[in-house]
Amino acid sequence: MDLGIQNVSKAFGATAALRDISLAIHAGELIALLGPSGSGKTTLLRLIAGLESPTAGQVFFGDEEASGKPIQQRQVGFVFQHYALFRHMTVLENVSFGLSVRPRESRPPKREIEMRAMDLINMVQLTGLERRYPAQLSGGQRQRVALARAMAIEPKVLLLDEPFGALDAQVRKDLRHWLREIHDRTGHTTVFVTHDQEEALELADRVVVMNEGQIEQVGSPDEVYDHPAAPFVHRFIGEASELPVHLGQGQIWLGGQPTGLASDQIGLALLFFRPHQIELVDDGSPCLVGKIIASRRMAGTRRLDLLVGSGGHHVEVDVPIDHPAGQQDMLTFRPKVWTLFPENEDEAGVRRKEAREARVVYPRNRSAGPLRQYEPSCS
Ligand SMILES: Nc1ncnc2c1ncn2[C@@H]1O[C@H](COP(=O)(O)OP(=O)(O)OP(=O)(O)O)[C@@H](O)[C@H]1O
């Protein structure tokens, strides 16, 4: 079942929870809605479910406009963070519930309901526990029952709101793999909400990155990680170090010092790079110079906190555990992979003012005068 969200806005009083969102979800896709708290993920999920109606815009199930349809008519399976199982019912009764309360004319015979429920219990690997009550299950087991129960009604769309949010890290990881497997087997169109980027990147076919009620980017996990479309996405997904730079004379400059990174653009920009995507420079060529202010062990690498450039910009870089850089005061390096975003006018204005006060001469164009150099230098 394809899903279409067209120019949807949702306001709660003066709060704009969603602002003119459009999104096409293809049949059989596993989609993650990813964003910080308050970005509108749950509101969007509830609008798809029919638990909320949009202030403006439309929701399509296939070709059909569904905005006016209540949840009962949408055939959606919903799983919440806190497994809302019926405590007085066994696992089997919980999973059978959706089918057993259907109107008589569409309700399958009792025996068939039980068989279907047992198939689902088997699929979520809880065979043998069907007579237990929720209180006799672990958190992960309860969440699997919740998923089996949502799937029992043969939903057109499965909606999961932080389904593993309340579970500990290892259980979350196991359930992730398991959800992906079940999704590949059943092929339900599935939309899940998470604020955990690792979960979104590992599980989803496509990730919808949300911020302040808007969609910042929609893309495969590789696209949003490797080609973030906006500073917000770069900061939110993966780790990012950023520096305010100037572009001109064919390269990137930090506070009047050449970085050795090429760019044919001109103007102010933000330079983003990942801590692990750097190379150490010791051949005297132009690079970034950082004062090491802290060093800590991070799994297989050593993470250094640096103050870079005359502005003392804080960035993080990773070096090999045994690299002598970990014992030094200064580090000379260059990003191997980086992204530039044009700086917005507000930030640019502050930087120009700071630059004037510090008497830094930025390269304005190819005929710009000599640049002030900062010490220590690697060029
Ligand atoms: N029923 C409501 N009444 C008033 N404001 C609401 C209501 N539901 C959500 N909001 C507001 O809408 C905005 C988006 O909330 P939403 O729950 O969709 O965000 P979220 O991204 O799911 O956040 P979280 O990760 O914390 O669950 C927030 O500012 C929230 O306070």
Side-chain angles (χ1 to χ4, degrees), residues 3-25 29-60 66-71 74 76-84 139 142-143 146-147 150 157-169 171-173 175-176 179 189-204 206-219 221 224-225 228-238:
L3 285 177
I5 317 292
Q6 265 183 21
N7 303 107
V8 164
S9 296
K10 176 70 183 174
F12 295 103
T15 307
L18 295 175
R19 303 156 197 248
D20 198 13
I21 295 238
S22 293
L23 176 66
I25 296 173
E29 266 193 313
L30 182 49
I31 292 279
L33 304 181
L34 173 70
S37 183
S39 54
K41 309 178 294 290
T42 296
T43 303
L44 181 54
L45 201 73
R46 288 172 62 84
L47 278 164
I48 297 172
L51 291 165
E52 302 282 357
S53 45
T55 311
Q58 296 169 310
V59 175
F60 286 88
S67 312
K69 272 194 175 181
I71 186 163
R74 294 197 187 193
V76 294
F78 212 115
V79 178
F80 299 93
Q81 175 172 359
H82 295 284
Y83 19 81
R142 277 181 230 167
Q143 207 55 331
L147 197 70
V157 177
L158 203 51
L159 303 175
L160 315 175
D161 192 356
E162 301 251 8
F164 311 136
L167 305 170
D168 76 43
V171 180
R172 279 178 84 117
K173 237 181 160 120
L175 286 188
R176 255 185 239 165
L179 178 65
T189 306
T190 305
V191 185
F192 74 101
V193 161
T194 182
H195 61 259
D196 180 341
Q197 44 156 309
E198 205 181 298
E199 191 160 285
L201 295 181
E202 197 177 318
L203 251 180
R206 286 193 302 154
V207 179
V208 178
V209 186
M210 297 185 63
N211 180 32
E212 295 184 352
Q214 288 179 310
I215 293 177
E216 293 268 353
Q217 187 172 5
V218 182
V224 294
Y225 186 91
F232 173 84
V233 180
H234 207 309
R235 289 183 192 118
F236 193 72
I237 297 187

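Counting starts at 1 for both ligands and their atoms, in listed order. All figures in this text were calculated on a predicted structure; none of them were measured in a lab.
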Name the closest protein heavy atom to [atom], giving the residue it belongs to and the distance to 0.1 Å.
atom                    : value
atom 6 (C) of ligand 1  : Phe12 CD1, 3.3 Å
atom 26 (O) of ligand 1 : Ser37 OG, 2.6 Å
atom 18 (O) of ligand 1 : Thr43 OG1, 2.5 Å
atom 17 (O) of ligand 1 : Thr42 CB, 3.7 Å
atom 12 (O) of ligand 1 : Ala17 CB, 3.3 Å

Does an N or O from Gly38, backbone or side chain, lie closer than 3.5 Å to an N or O of ligand 1?
-> yes
Any side-chain heavy atom of Ile237 within less than 4.5 Å of one from Gln217?
-> no
Of Leu158, Val79, Leu160, which meets side chain to side chain contact (heavy atoms under 4.5 Å, CB included) against Leu179?
-> Leu160
Interatomic distance, [X] atom [atom1] to [Y] atom [atom2] [nearest 0.5 angstrom]:
X      : Y     : atom1 : atom2 : result
Gln58  : Ile5  : CD    : CD1   : 11.0 Å
Asp161 : Arg46 : CG    : CZ    : 8.5 Å
Leu23  : Gln6  : CG    : CD    : 11.0 Å

Is Lys41 touching ligand 1 with its side chain, its backbone, both, or neither, if touching means heavy atoms under 4.0 Å apart?
-> both
If you measure from each non-hydrogen atom of Thr15 to ligand 1, which part falls under 4.0 Å: side chain, backbone, both or neither?
-> side chain
Does Pro36 come within less than 4.0 Å of ligand 1, judged by its heavy atoms?
-> yes
4.0 Å heavy-atom contact, Gly40 with ligand 1 = yes
Could you list the atoms of ligand 1 found under 4.0 angstrom from a heavy atom of Ser39?
-> 19 (O), 20 (P), 21 (O)
Looking at atom 31 (O) of ligand 1, would you say a protein heavy atom lies below 4.0 Å from it?
-> no
Please check if a non-hydrogen protein atom sits closer than 4.0 Å to atom 9 (C) of ligand 1.
-> yes
What closest approach, in Å, do Ala229 and Glu216 show between heavy atoms, and which atom pair accounts for it?
-> CB-O, 4.4 Å
Between the side chain of Lys41 and the main-chain N/O of Phe192, is any donor-acceptor distance below 3.5 Å?
-> no
Return yes if some donor-acceptor pair links the side-chain N/O of Thr194 with the main-chain N/O of Ala200 below 3.5 Å, else return no.
-> no
